[in-house]
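Order of the sequence lines sets the chain letters (A, B, ...), proteins ahead of strands, with each chain counted from 1. The basis for the numbers below is simple: all heavy atoms, side chains too, and nothing from hydrogens, waters or symmetry mates.
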Amino acid sequence: MDSADQTTVAVYDPTAIETKWRQRWSERGTNVTDISGAARPYYALMMFPYPSAEGLHVGNLFAFTGSDIFARFQRMQGLDVFEPLGYDAFGIHSENYALKVGVHPAEMIPRNIANFRRQLERGGLMVDWSRSLSTTDPAYYRWTQWVFLQLYKQGLAYKKEAAVNWCPSCKTVLANEQVIAGECERCGSKVEQRFLSQWFFGISRYAERLLDNLDSLDWSETTKTAQRNWIGKSEGAELWFDDIKVFTTRADTIYGATYVVLAPEHPLVDQYTTNDQRAAINAYRDRAASSDLVTRKTSKEKTGVATGGSVTNPATGERIPVWVSDYVLMEYGTGAIMAVPAHDERDLEFAHGFELPVKKVVHEDETLIDSGEFTGMTVHDAKRAIVDMLVAKGKGAAVTNFRLHDWCISRQRYWGPPIPIVYCDTCGVVPVPEDQLPVLLPFIEDFKPDDSGVSPLARHDEWYRVPCPTCAEMARRETDVSDTFLDSAWYFLRYPSVGADVAPFDPAITRKWLPVDSYIGGNEHAVLHLLYSRFVTMVLHDAGFLDFDEPFIKFRAHGLIIREGAKMSKSKGNVVNPDDYIDTWGADAFRTYLMFLGPFEEGGDFRDKGISGVKRFLDRLWASVRDADATGDVDIEVQRKLSATIKKVSEDVPRLSYNTAIAAMMEYMNVLRRGERTPRRAEVEPLVQLVAPFAPYLAEELWEQLGHGHGASVFDSRWPEFDPALLVEDEIELVVQVNGKVRGKIRIARDAGQDDAYTRAMEEPGVARFVTSKPKKVVFVPGRLLSVVI
RNA sequence: GCUCGGAUGGCGAAAUGGGUAGACGCGAGGGACUUAAAAUCCCUUUCGGUAAAACCGAAUGCGGGUUCGAGUCCCGCUCCGAGCACCA
């Protein structure tokens with residue numbers, strides 16, 4: 001009551017400050033990018049979230065904050081940064097949740113988005129909300145359908161029969177995500193396969209290019225490796241055993257090929273089946289066709305039947321038997337292999353099971369044995385020589401295969417963009433003309449999949465019966481919707497052009513802003529999302545819509561957040577809810593703590609108590625500005641530390657080494673306020689700027705308190721520079737080792753030579769004591785250490 | 001099985017063109033201020049020989065090696081995590 005100074009001692013109140021600045025930023029348009037006027041455009045992208053009903057996950061905020069810090073840093077370097085964010089709201093995930101809680105996704109999603117938006121805004125992201133988007137908005141998915149049509153025009157969208165996961169109990173098609181260990185995630189029934197006619201994108205035609213381009217991308221090496229493995233290039237050969245063409249990468253082992261195996265679906269099975277084996281073969285094929293995908297994929301035991309037929313080994317001229325087994329996959333290579341049990345584990349297992357001969361043809365030293373004219377050759381040379389020989393005989397060809405399969409985009413579901421195709425009895429398959437897009441997804445109550453195996457949309461005559469766009473006769477719409485991955489395969493092209501006159505992307509704007517300069521996201525999308533985005537970009541480039549063919553110049557994957565050493569999960573009830581922490585500690589402390597708990601690219605362990613240390617740091621920053629002395633003399637040691645800190649933070653932030661950047665700022669704070677020292681204004685001001693990307697609200701408030709008001713955002717200030725001269729000390733500490741052990745440290749002139757250092761070191765009793773005889777050797781690393789060997 | 005990560009104090013973690021292991025923070029202990037508490041500030045905190053200081057020794061999952069010197073490089077393992085999974 002009588003404490004007079006209470007009126008002048010302002011207290012750091014995160015809630016008040018954060019509310020104030022959220023409002024100011026919105027009024028001033030601080031985070032709105034001048035898309036057409038920007039002189040130095042920089043596109044900082046983060047993976048847009050699926051707006052779940054549970055609200056924003058701390059993992060989302062961790063990823064976004066990491067991206068946001070880098071973006072804010074770039075802005076303070078003077079770049080015109082564009083940081084957009086939208087919602088990936090279509091798909092099986094929403095639909096299943098909607099089914100579970102009995103709310104229509106069309107009602108649920110807008111609610112979820114509103115909640116996400118609220119939470120994201122609290123998080124203090126520099127997002128330009130004027131250019132947001134949701135994949136469920138007809139104004140967006142109209143162009144997703146347009147993308148489909150471009151692929152169709154290029155001959156890259158086609159229909160074929162393909163297996164889907166079928167739950168016999170729920171009588172519905174399941175997405176791969178719904179199949180857990182071969183069972184339906186809802187009822188636990190064994191999942192079967194059914195064949196449906198579905199739409200595919202010909203991504204495999206781009207395999208070579210998708211692989212080659214990786215070399216020139218600035219991406220995390222782990223992500224590139226994952227893509228390379230997924231694309232799975234293997235160079236080998238097709239070799240002809242009479243009519244059967246087998247694919248192999250080990251042509252050098254052909255002398256050890258003791259039998260041939262066909263996939264059950266292989267078209268030549270009948271031709272090689274003898275009468276007495278026909279019944280057994282047919283039974284085996286029926287079983288293979290009806291057996292569910294999973295048994296086939298997980299069971300290790302090899303099954304099979306002999307056809308009774310045989311073929312000629314083109315290298316040896318021997319007759320070898322032809323078998324049928326489902327361990328050979330029709331969808332890879334030629335659906336036929338030459339089995340070399342001595343040099344292939346699977347073949348060996350099969351040979352053991354059926355007592356087939358095993359013939360070793362490669363010696364331990366990687367040279368051939370028992371291989372006719374090729375005996376003695378290295379594996380490497382023999383591969384080529386044998387293929388060359390068979391090619392010359394007209395019995396083979398060098399062939400490259402890829403694991404990458406075409407992309408099935410059909411979903412027999414409701415919650416997605418309808419595939420813009422009409423089937424007409426007269427005209428056949430007719431793409432919906434571009435000017436008739438979007439094909440709106442109708443609001444239907446019964447969106448639950450049923451046992452028909454087709455999309456719920458197929459139950460609505462009023463929707464799917466339409467006049468043919470070409471002949472106007474009554475025709476039928478395609479009732480499948482497209483894969484969510486298609487929605488997200490082009491969204492980054494859309495953001496800068498949201499609100500522009502030309503859609504889906506304005507050419508001038510796109511030239512200016514794309515490709516994306518920096519993309520940060522989860523490694524769970526290392527393969528599919530990133531690969532599909534690259535593919536769609538290549539196709540649009542080839543069709544003349546884009547002048548670049550790689551969408552993301554730089555990509556970094558962030559790590560995962562765990563809590564108290566354990567994975568977060570709803571069932572464990574240990575999920576961090578950002579709202580709770582922001583209420584208690586403020587968004588700035590929460591953000592900074594998330595970045596402090598481990599290396600951004602590795603993730604970290606969220607420990608509830610840890611956040612107090614970061615909050616204390618921000619409190620001290622607040623107090624430093626409050627107490628700052630505008631006139632006092634600067635301390636040279638503090639100035640040195642400041643320069644070192646600016647250097648460290650400036651180097652760490654671009655490497656996303658946020659935890660060490662924060663540690664450096666804390667170290668500086670310890671020097672700044674050591675003891676009862678009053679910090680000088682000039683010592684505090686640059687620190688406010690360094691902290692700004694991490695704790696944007698607080699920094700903005702302190703920037704204003706330091707007298708930079710009048711609408712000048714700290715984010716429009718220029719990043720502080722350090723004085724290199726202050727980093728160089730005249731006298732340094734030199735470590736002295738004797739026989740590899742540290743025996744002393746001496747202070748010595750920075751440019752002192754070995755002799756000076758040695759003389760000086762011997763004056764140290766702690767060192768001299770161990771130098772009991774004339775040194776055998778002395779190693780001197782200027783500025784670092786002196787190592788004496790006795 | 002294959003591929004890619006990882007293993008450092010009581011805890012989260014720093015430090016890799018080989019050069020003081022443990023920065024920074026949490027926790028813990030002690031002190032100052034306070035009637036008291038909170039807050040704040042200061043000090044200590046890898047382990048062992050000792051209670052402390054000085055000093056000495058050991059120590060970065062395990063076993064070897066290279067080197068004046070290894071958390072870092074090489075060889076051989078163990079364990080944990082993630083992804084792919086009969087791709088010939």
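What separates CD of Glu564(A) from P of rG27(B) is a distance of 12 Å, to the nearest Å. In this structure, Glu345(A) places its CD atom 12 Å from C1' of rA88(B), rounding to the nearest Å. Distance Leu618(A) CG to rU40(B) P: 13 Å, rounded to the nearest Å. In this structure, CD1 of Ile562(A) is placed 16 Å from P of rC80(B), rounded to the nearest angstrom. Rounded to whole Å, the distance from CD on Glu238(A) to C1' on rA88(B) is 13 Å. Tyr593(A) has its OH atom 9 Å from the C1' atom of rG25(B), to the nearest Å. Whole-Å rounding puts the Met595(A) CE to rA13(B) P distance at 14 Å. The interatomic distance linking Tyr658(A) (OH) with rG25(B) (P) rounds to 21 Å, in whole Å.
Across rG18(B) and rU72(B), the matching C1' atoms stand 6 Å from one another, rounded to whole Å. Using C1' as the reference atom, rC24(B) and rG9(B) are 15 Å apart when rounded to the nearest Å. For the C1' atoms, the distance linking rC26(B) with rG19(B) amounts to 31 Å, nearest Å. rU67(B) and rA54(B) have their C1' atoms separated by 32 Å, with the value rounded to a whole Å. One P atom belongs to rG57(B), the other to rC33(B), and the distance between them is 42 Å to the nearest Å. Separating the P atom of rG71(B) from that of rU16(B) is a span of 14 Å, rounded to the nearest Å. When the C1' atom is used for both rG29(B) and rU35(B), the distance is 25 Å, rounded to whole Å. rC86(B) and rC73(B) are spaced 38 Å apart, taking the C1' atom of each and rounding to whole Å.
Enclosure of atom CD in Glu731(A) by more than 12 non-hydrogen atoms of other residues, nucleotides or ligands within 6.0 angstrom is indicated. The neighbour count for Arg750(A) CZ, taken as heavy atoms of other residues, nucleotides or ligands under 6.0 Å away, is above 12. At most 12 heavy atoms of other shown residues, nucleotides or ligands fall within 6.0 angstrom of atom NZ in Lys647(A). Within a 6.0 Å sphere centred on CG of Leu560(A), other residues, nucleotides and ligands contribute 12 heavy atoms or fewer.
Counted by atom type alone, Asn229(A) and Arg403(A) present zero donor-acceptor pairs between their side chains at under 3.5 Å. Checked by atom type, the side-chain pair Ser657(A)/Thr660(A) shows a donor-acceptor distance below 3.5 Å.
Nearest to the side-chain atoms of Leu597(A) among the listed nucleotides rU3(B), rA88(B), rG12(B) stands rG12(B). Side-chain atoms of Asp605(A) lie closest to rG12(B) of the nucleotides rG12(B), rA88(B), rC86(B). When distances are taken from the side chain of Arg403(A) to each of rC84(B), rC26(B), rA88(B), the shortest belongs to rC84(B).
Nucleotide rU46(B) is matched to rA58(B) when pairs are restricted to Watson-Crick or G-U wobble geometry with both distances under 3.5 angstrom. Searching all strands for a Watson-Crick or G-U wobble partner of rU78(B) with both distances below 3.5 Å returns rA7(B). Nucleotide rC84(B): paired with rG1(B) (Watson-Crick or G-U wobble, both distances less than 3.5 Å). In this structure, rC68(B) and rG19(B) make a Watson-Crick or G-U wobble pair, each of the two defining distances being under 3.5 angstrom. With a cut-off of 3.5 Å on both pairing distances, the Watson-Crick or G-U wobble partner of rA32(B) is rU40(B).
Residues Trp407(A) and Tyr532(A) place their aromatic rings such that the two centres sit under 6.0 Å apart. Ring pair Phe62(A)/Phe606(A): centre-to-centre distance not below 6.0 Å.
Taking the ring centre of Trp585(A) as origin, the terminal cationic atom of Arg616(A) falls outside the region bounded by 6.0 Å and 45° from the ring axis. Relative to the ring axis of Tyr668(A), Lys641(A) does not place its NZ or CZ within 45° and under 6.0 Å from the centre. Taking the ring centre of Trp240(A) as origin, the terminal cationic atom of Lys395(A) falls outside the region bounded by 6.0 Å and 45° from the ring axis.
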> Can you give one letter per nucleotide of nucleotides 28-33 of chain B, going 5' to 3': B for a protein heavy atom under 4.0 Å from the base, S for sugar-phosphate only, - for none?
Replying inline: ------
> When every nucleotide of nucleotides 19-24 of chain B is labelled 5' to 3' by its protein contacts under 4.0 Å (heavy atoms), B for base, S for sugar-phosphate only, - for none, what sequence of letters results?
Replying inline: BB--BB
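Put simply, the side chain of Val11(A) does not reach to within 4.5 Å of the side chain of Trp622(A), judged on heavy atoms.
Using a cut-off of 4.0 Å between Lys/Arg side-chain N and Asp/Glu carboxylate O, Arg677(A) and Glu683(A) are scored as salt-bridged.
Applying the 4.0 Å criterion to OP1 and OP2 of rU40(B), one finds that Arg616(A) has a side-chain N or O inside that range. OP1 or OP2 of rC41(B) sits under 4.0 Å from a side-chain N or O of Arg620(A). For rA88(B), the OP1/OP2 oxygens have a side-chain nitrogen or oxygen of Tyr332(A) closer than 4.0 Å.
Anti is the conformation of rG63(B), whose glycosidic angle sits further than 90° from 0.
The residue Lys567(A) sits close only to the backbone: its heavy atoms come under 4.0 Å of sugar-phosphate atoms, none of a base.
Comparing Gly740(A) and Ser234(A) by the nucleotide of RNA chain B that holds the closest heavy atom to each, the one mapping nearer the 5' end is Gly740(A). Residues Arg607(A) and Lys777(A) each lie close to RNA chain B; by heavy-atom proximity, the contact nearer the 5' end of the strand is made by Arg607(A).
Aromatic ring pairs are classed by plane angle as parallel below 30°, tilted from 30° to 60° and perpendicular above 60°; the pair Phe354(A) and Phe350(A) is tilted.
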Close N/O contacts between protein and nucleotides 55-58 of chain B (under 3.5 Å):
{"from": "rC55(B)", "atom 1": "O3'", "to": "Arg769(A)", "atom 2": "NH2", "distance (Å)": "3.2"}
{"from": "rC56(B)", "atom 1": "OP1", "to": "Arg769(A)", "atom 2": "NH2", "distance (Å)": "3.1"}
{"from": "rG57(B)", "atom 1": "OP1", "to": "Arg743(A)", "atom 2": "NH2", "distance (Å)": "3.1"}
{"from": "rG57(B)", "atom 1": "OP2", "to": "Arg743(A)", "atom 2": "NH1", "distance (Å)": "3.0"}
{"from": "rA58(B)", "atom 1": "OP2", "to": "Lys741(A)", "atom 2": "NZ", "distance (Å)": "3.0"}

